[in-house]
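Keep in mind it's a predicted model, so treat the numbers as computed, not measured. Order of the sequence lines fixes the chain letters, A, B, ..., with proteins taken first and strands second; residue numbering starts at 1 for each chain.
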There are 2 protein chains.
Amino acid sequence: MLSKKTKYGIKAIVYLARQKDRTPVQIATISNEESISLKFLESILLTLRKNGVLGSKKGKGGGYYLLKDPKDINMANVMRVLEGPIAMVPCVSLNFYEKCDDCPDENACAVHGLMAQVRDSSLEIFRNTTLADLSQ
Amino acid sequence: MLSKKTKYGIKAIVYLARQKDRTPVQIATISNEESISLKFLESILLTLRKNGVLGSKKGKGGGYYLLKDPKDINMANVMRVLEGPIAMVPCVSLNFYEKCDDCPDENACAVHGLMAQVRDSSLEIFRNTTLADLSQ
DNA sequence: TCATTATCCTAGTAAATAGATAGGGTTTAT
DNA sequence: ATAAACCCTATCTATTTACTAGGATAATGA
């Protein structure tokens, strides 16, 4: 299941991508427009900023803005920042790899092969989808 | 994340598919061979039986066995039985559809479209993969 | 028939995670 | 200065996951 965190995070950056210009948008504005809890959204935007997706400006007239052009933001990166691994099992994850404790031989594991295929196809979609695609 | 339940369930049916014949195999045997907690596996096999994947026989010489030929068991069905929806969000699920409360218009939702693509590609893999494929 | 074997089934529990919420601290524009 | 906004850590509650307990039921065979 996709977490609300990821869902809200994507909605928020789509909202930013749809803005006419790149002037900062306040959390409260996005919260109202997209019906997302203010405090929850605050923490989500913070992680997006800490991971290089968003920039922010403090004080009056401040807010969040996209650091790159929407067409240069691919969803694989966004998914990893918000949701974590794209793979369904750690043992097939490219960026968050972990060995299974219950699996003596990874290559002999039936689950491993299947989940590697699923990861590949999902990853291809996320990599080839940009924020610009989602914002149209 | 794939649940342990699903992972163990797949391992168990792969184990059954690899048997020479279709005589019942005891839970305890699978539990030992695949290093899966006996009681947990018991409940997993029970749900597989209740959903038409496995048959069972009680009493001495009893156990679980596949109801169909491995090449006629597609993993989409197995995944739905064990893991639930294949889609990452209920609003794009074919078999477990639910409307989002926070989404006024589904077709205008950027997350919806992206997740529908992911569901399609995952589903294609699961549908085209049989238990026989995994057992080789 | 009766003891043994093995599944059936309901309920419960501990730990982790999700989804928020609280409440200040810090920075900036005016 | 003062108000506007983000920054940051901590906490809380509900749900889910992973697993456990313990008996009920059914089949086999001596």
Phosphate contact (C/dA20 OP1 or OP2) by A/Tyr8 side-chain N/O below 4.0 Å: yes
Rounded to the Å, how far apart are A/Met1 CE and D/dT17 C1'? 15 Å
Specify the residue among A/Leu41 and A/Gly61 whose closest nucleotide of DNA chain C lies further upstream toward the 5′ end. A/Leu41
Tell me which nucleotide among C/dG19, D/dC7, D/dC6 gets nearest to the side chain of A/Leu46. D/dC7
With respect to the phosphate group of D/dC8, does any side-chain polar atom (N or O) of A/Arg49 fall under 4.0 Å of OP1 or OP2? yes
Let me know the distance between CZ of A/Phe40 and P of D/dC12, rounded to the nearest Å. 18 Å
So OG1 of A/Thr129 and CD of B/Gln117: to nearest 0.5 Å the spacing works out to 5.0 Å
Value in whole Å for how far the P atom of C/dT26 lies from CD1 of A/Ile27: 18 Å
Over how many whole Å does the gap from A/Asp101 atom CG to D/dA18 atom C1' extend? 13 Å
Over how many whole Å does the gap from B/Leu38 atom CG to D/dA21 atom P extend? 11 Å
Contact class for A/Leu45 (heavy atom, under 4.0 Å): base, sugar-phosphate, or nothing? nothing
So A/Lys50, base contact, sugar-phosphate only, or nothing? Heavy-atom distance under 4.0 Å. sugar-phosphate
Map A/Glu83 and B/Gly59 onto DNA chain C by nearest heavy atom, then report which one ends up closer to the 5' terminus. B/Gly59
What is the distance, to the nearest angstrom, from the OH atom on A/Tyr65 to the C1' atom on D/dC6? 12 Å
Regarding A/Glu124 and A/Arg127, does a basic nitrogen lie under 4.0 Å from an acidic carboxylate oxygen? no
Selection from C/dC9, D/dC6, C/dA29 that lies nearest to any side-chain heavy atom of A/Ser56: D/dC6
Does any donor-acceptor pair link the side chain of A/Gln26 with the base of D/dC6 at a separation under 3.5 Å? no
Check the distance between C/dA20's P and A/Ile44's CD1 and give it to me in whole angstrom. 8 Å
Measure from the side chain of A/Tyr64, starting at C-beta and using heavy atoms only, and say which of D/dC6, C/dT7, D/dA21 lies closest. D/dC6
Between A/Ser37 and C/dT21, does any side-chain N or O lie under 4.0 Å from OP1 or OP2? yes
Kindly say if B/Lys57 contacts the phosphate of D/dT28, meaning a side-chain N or O under 4.0 Å from OP1 or OP2. yes
Checking contacts here: which listed nucleotide (C/dT21, D/dG23, D/dC7) is nearest the side-chain heavy atoms of B/Lys39? D/dG23
Please check if A/Leu48 and A/Tyr65 belong to a single hydrophobic cluster, counting links between Ile, Leu, Val, Met, Phe, Trp and Tyr side chain heavy atoms closer than 4.5 Å. no
Check every atom of C/dC9, C/dT21, C/dT28 against the side chain of A/Lys58 and return the nucleotide holding the closest atom. C/dT28
Of the nucleotides D/dG22, C/dA29, D/dG29, which one has an atom closest to the side chain of A/Lys60? C/dA29
Going by distance alone, is a donor N or O of one side chain under 3.5 Å from an acceptor N or O of the other, for B/Glu83 and B/Ser3? yes
What is the distance, to the nearest angstrom, from the NZ atom on B/Lys5 to the C1' atom on D/dT20? 16 Å
Between NZ on residue B/Lys99 and CD on residue B/Glu106, distance to nearest 0.5 Å: 6.5 Å
For the base of D/dC6, is there a side-chain donor-acceptor partner from A/Glu42 under 3.5 Å away? no
Donor-acceptor check, side chain of B/Ser122 to backbone of B/Val118, threshold 3.5 angstrom: yes or no? yes
